[in-house]
Structures are given as C-alpha cells and as structure tokens.
Amino acid sequence: MVDATFNFPKDFRWGTATAAHQVEGNNNNNQWWEWEQTPGHILNSDKSGRACDWWNNAEADFDRMVELGLNAHRLSVEWSRIEPHEGVFDEAAIERYRTMLKGLRQRGIEPMVTLHHFTNPLWLEERGGWEHTDVSVPLFARFVTKVVQTMGDLCDLWCTINEPNVYALLGYVTDGDMPPGVVNHLQRGMAVLCNMLLGHAAAYQVLHQHQRQARVGIAHHMRYMHPLRDGHPLDGLVAAFQDEIFNQSILNALTKGRWDLLLRLGHPPSARSLRGTLDWIGLNYYSRQCTVYDPHSPGTLFGRLVNMPGAMMSDFEYGEVYPEGLMPLLKRLARYRLPIYITENGLPDADDDLRPSFLVRHLRVLWSAIQSSLPVAGYYHWSFIDNFEWSEGWRMKFGLYEMDPLTQVRKPRQSAFLYRDIARANAITSDMVRMHTPQLLEAIFP
Ligand code: FCB
C-alpha cells in the first residue's frame with residue numbers, strides 16, 4: 001500500500017485570496033458597479049449587490065479561516081471607498097480596513113494587501129481610467145501613499161496591481177467582457193497595460209519610501225499557452241505570440257525595464273522606472289490555453305481558443321484543469337531569483353467533484369518545484385468563498401465555502417476540509433489523498 005508524506009517548508013504560507021468588489025458588497029462608487037447596471041454585461045444580469053457582506057462582517061469568515069488552519073490571506077482595498085472623491089479620503093472606510101487587518105493579524109493570519117484589483121473609482125473612470133499616464137499614475141501613487149501611511153503598521157506585504165494583462169486585454173482588446181468594453185483596440189489596450197505597469201513602479205517607490213520593510217510584488221496572470229496541433233507552424237506562431245503578449249512582455253518590462261514590441265504600440269514613456277521594482281512575483285495560474293490559428297479572429301490576436309479534446313474541464317467553458325502547466329511557468333519565473341507566491345489558483349466547480357483532486361495535483365507540482373529549489377513561498381487559493389465572479393456573475397463557484405448570495409448562508413465544501421488538513425499538517429499525505437481523492441493515489445504517490 002502506498003504510504004508517504006510530502007512536507008512543505010516550515011514557514012510556508014497557506015492562504016486564500018479575495019478581491020474587495022467580489023466580496024464586500026455595495027461597492028457602488030466604482031466602474032464595475034456601474035457596468036453591472038446595464039443588462040447584458042453580466043451573465044443572467046447578476047449584480048454584485050451585497051456580495052459576501054464582508055464590509056459588515058468579514059470577521060465571521062476570518063474565523064472560518066482559522067478553523068481551516070490558514071496563516072495567510074490576500075485581500076484588496078477598494079480605492080473608491082478610501083478616496084470616494086478625487087483627493088478626498090474617507091477616514092471611516094480606512095478605519096474599517098484597519099479593523100479587518102487587525103482582525104486577520106489577531107487570528108494569526110498574515111494579510112497581503114492588493115492595491116488595485118480591477119476596480120477604479122468612478123471619478124477616475126471619468127478621466128479615462130488608466131488610459132493617460134499623467135492622470136492615472138500620479139493619482140494611484142497618491143492613493144497608495146495614503147494607504148501605506150494609514151495601514152502600514154498592519155501590513156507590509158503588498159501586491160500593487162492584480163493582472164494588468166487581463167484588465168487591459170479584456171477591457172480593450174478581446175471580447176469586451178470587462179469595462180469599458182472596448183473591443184479590438186490593441187493600441188489603447190497596450191497604453192493601459194503600460195500605464196498600469198508604470199503605476200506599479202510608482203507604488204513600489206512610495207511603499208518603500210514609507211516602509212523600510214515593505215515587500216512589494218504584483219499578481220501576474222500567466223496561462224500555459226499551447227498550440228492545438230503540435231508541430232503546426234501557424235498554431236505554434238499564434239501560441240508563441242500570445243505567450244509573448246500575455247505572459248512574457250510584462251515580465252520583461254518589470255525586470256529589464258524595457259517595452260517589447262507590442263507594448264510600444266501604446267506609445268508609453270520610458271520603462272526605465274520599472275526595473276528592479278519587484279521584491280517577489282505573484283503567479284495567478286488557472287489553466288492551459290490551446291490556440292488554433294484563425295485569420296478571422298483579430299481580437300484574440302489570430303488565435304481562437306479551443307479545448308484540447310478529452311481535457312478535464314471545470315465549470316468554465318475554457319477552464320481546462322492542467323496542473324502540468326504550473327511547473328514550466330514556475331521555472332520561468334524562478335530565473336528572476338525572487339520569492340514566488342501563487343497569488344491565485346482555483347477553479348469553478350459547483351459540485352466540488354474536481355476541486356479536491358485539483359488541489360492535490362497542483363500542490364504536488366508545487367512540492368516538486370520546492371524540492372528542485374524553486375523559491376515558492378506560499379499558496380493563496382482562489383477563493384475562500386463563492387463570490388461575484390465579474391462578467392460571469394454568481395454562476396461560477398470558486399469557493400472552498402459554498403455561499404448563497406440571497407441568504408448569505410455558508411457551507412464548507414469537501415475541499416475545505418481537505419485544504420484544512422493540508423494546511424494544518426503543512427504537508428500532503430497519502431492518508432489525505434486516500435480519504436479525499438482515492439483515485440489519485442497511485443498517480444501522486446507512485
Ligand atoms: C482572476 C481574478 C480574480 C477572479 C479569478 C477567478 O483572473 O483576478 O478576481 O475573478 O480570476
């Protein structure tokens with residue numbers, strides 16, 4: 001009988017991740033709230049509404065995190081609450097965040113604070129969101145200054161911006177899934193992407209000026225890009241192109257201080273300020289993306305997304321479960337010799353039939369990565385609880401905890417118990433696998 005234990009390093013971070021707009025409720029002063037009011041923007045015309053009611057009571061879920069044995073949580077602060085009007089800061093909102101951060105720390109949970117997670121205050125949106133460098137970058141830096149001045153005693157692990165590539169491409173280039181819903185405008189999308197990276201660099205400086213021990217990184221969404229037809233030159237070309245624009249150009253900008261060809265389309269100012277602005281790198285990893293060449297898909301850069309026949313799929317149309325993609329991406333990131341956090345990883349799986357094996361298989365890859373000396377310091381599962389999943393509304397269930405947005409009733413899924421066992425043991429054991437995903441036993445513990 002197989003019997004083994006895969007231990008994680010002593011100070012490994014076991015956490016979950018959320019974003020303000022998806023969990024707090026009534027964030028009615030940002031562009032997403034406004035976007036939700038137009039029928040057709042969100043699946044089933046869902047609205048974020050009360051979300052998970054964290055603005056009133058995040059603490060009840062923090063207690064549940066303690067029950068799961070977690071020692072870390074990544075959350076975001078909502079710019080439109082803290083600065084409801086340009087230049088006007090809301091001390092009561094800041095106080096609420098302070099209470100949350102204290103609440104996490106008192107429970108032995110280290111907060112990682114994201115400073116921008118897809119939402120802009122309406123007043124910024126009216127000034128073009130991230131389209132203009134001289135507007136968005138200094139305004140973001142001023143907001144970050146306020147945050148570090150008022151919350152810096154409670155947090156020193158900062159994630160500047162969540163997924164600038166997703167924000168720029170889904171908002172300006174691909175399918176108009178995110179506000180402002182511009183389609184096929186590569187040049188504007190690239191300008192936005194560059195401005196967000198410049199915003200990251202400005203935030204990095206501000207955080208370090210105000211806090212010596214600040215540890216500052218970014219959450220970068222990377223997909224494992226793959227040509228559908230192995231060896232097909234055009235599929236290969238398109239996959240390489242998508243890898244460059246979605247995954248690599250951002251890393252090059254942040255580490256080398258240079259804009260690659262496509263980013264230059266946005267006519268950004270120099271990238272020099274970006275160089276060396278990472279103390280760690282965050283990887284948001286969900287899936288493999290298979291592409292087939294399609295001359296009629298300029299919005300997706302001539303690559304149509306397709307699913308590999310026979311692939312294991314989550315509840316999301318293109319959500320292939322592909323833990324094998326994690327290792328090559330980690331190896332690529334490890335070249336930068338910075339600590340790596342998995343800032344998001346998870347899947348929509350309402351009936352929780354895939355999540356236990358998803359968890360074990362991804363964590364098994366992480367364990368191997370750590371064995372080969374890749375510097376992975378923590379794992380933040382997306383998400384702790386079902387929440388408002390942007391354009392997919394409430395249909396996509398990413399939570400370890402199930403939650404009904406109408407009744408607010410929570411219920412742990414089976415995988416919450418599995419994650420609890422892993423976090424408490426700081427290990428994956430064959431017993432756990434036997435209990436939660438017996439069919440994987442041989443594959444994981446050969
Ligand atoms: C990521 C987002 C996060 C959540 C997950 C499912 O791209 O950062 O807010 O929506 O996807």
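In this text the structure is predicted, and so the values were computed from the model without any measurement.
Under the side chain to side chain contact (heavy atoms under 4.5 Å, CB included) criterion, Cys194 pairs with Trp259, Leu263, Pro268, not counting sequence neighbours. Contacts of Glu324 classified as salt bridge (charged side-chain N to carboxylate O under 4.0 Å, His left out), with partners at least two apart in sequence or in another chain: Arg361. For Arg275, the salt bridge (charged side-chain N to carboxylate O under 4.0 Å, His left out) criterion is met by no residue, not counting sequence neighbours. By the salt bridge (charged side-chain N to carboxylate O under 4.0 Å, His left out) test, Asp53 is found to be paired with Arg50, residues two or more places apart in sequence or in another chain being considered.
Put simply, the side chain of Leu326 does not reach to within 4.5 Å of the side chain of Leu329, judged on heavy atoms. Using a 4.5 Å cut-off on side-chain heavy atoms (C-beta onward), His381 and Arg355 make contact. Contact of the Met65 side chain with the Arg107 side chain is not registered, since no non-hydrogen atoms from C-beta on lie closer than 4.5 Å. In this structure, Leu68 and Phe384 have side chains that are in contact, with non-hydrogen atoms separated by less than 4.5 Å. No side-chain heavy atom of Arg74 sits under 4.5 Å from any side-chain heavy atom of Tyr341. Taking 4.5 Å as the limit, some side-chain heavy atom of Phe388 sits within range of a side-chain heavy atom of His21. In this structure the side chain of Phe358 never reaches within 4.5 angstrom of the side chain of Asp349, judged on heavy atoms. Glu110 is listed as a side-chain neighbour of Arg13, based on a closest heavy-atom distance under 4.5 Å.
Asn29 and Arg81 share no donor-acceptor pair across their side chains, judged by distance under 3.5 Å alone. Side-chain contact, Tyr318 with Gln289: no donor N or O sits under 3.5 Å from an acceptor N or O.
Taking the centre and axis of the six-membered ring of Phe246, the NZ or CZ atom of Arg223 falls inside the cone set by 45° and 6.0 Å.
Here the closest non-hydrogen pair linking Gly217 and Leu278 is CA-CD2, 4.1 Å. Between Tyr224 and Pro328, the closest heavy-atom pair is CE1-CG, 3.6 Å. Across all their heavy atoms, Ser314 and Leu354 have their closest contact at CA-CD1, 4.1 Å.
Panel note: side chain Asp156, backbone Gln211; no donor-acceptor pair is recorded below 3.5 Å. For the pair Arg98 (side chain) and Thr150 (backbone), a donor-acceptor distance under 3.5 Å is present.
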Derivation of the side chain to side chain donor-acceptor pair (under 3.5 Å) call for Thr18 and His73: CA-CA 8 Å; Thr18 54; His73 180 68; 2.9 Å; yes
Ring pair (Phe, Tyr, Trp, His ring centres under 6.0 Å) assessment of His436 paired with Phe417: CA-CA 9 Å; His436 296 282; Phe417 299 120; 8.0 Å; no
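Screening Tyr286, Trp382, Tyr380 for a side-chain hydrogen bond (donor to acceptor under 3.5 Å, both in side chains) involving Glu344 leaves a single residue, Tyr286. Here the rule is ring pair (Phe, Tyr, Trp, His ring centres under 6.0 Å) with His116, and of Phe143, Trp130, Trp158 only Trp130 fits it. Of the listed residues (Phe316, Phe118, Tyr167, Trp35), just one forms a ring pair (Phe, Tyr, Trp, His ring centres under 6.0 Å) with Trp390, and that residue is Phe118.
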Which donor-acceptor pairs under 3.5 Å do side chains of residues 392-399 form with protein atoms, sequence neighbours excluded?
residue, atom, partner, partner atom, Å
Glu392, OE1, Arg395, NH2, 3.4
Trp394, NE1, Lys47, O, 2.9
Lys397, NZ, Trp394, O, 2.9

Return all side-chain donor-acceptor pairs below 3.5 angstrom for residues 419-426, not counting sequence neighbours, or 'none' if the list is empty.
residue, atom, partner, partner atom, Å
Tyr419, OH, Gly15, N, 3.3
Tyr419, OH, Gly15, O, 2.8
Tyr419, OH, Tyr379, O, 3.4
Arg424, NH2, Glu67, O, 2.8
Asn426, OD1, Trp14, NE1, 2.8
Asn426, ND2, Phe8, O, 3.1
Asn426, ND2, Pro9, O, 3.0

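No more than 12 heavy atoms of other residues, nucleotides or ligands sit less than 6.0 Å from atom CD of Glu34. Atom NZ of Lys331 is surrounded by 12 or fewer heavy atoms from other residues, nucleotides or ligands within 6.0 Å.
Between Phe140 and Trp79, the ring-plane angle classifies as tilted under the 30° and 60° cut-offs.
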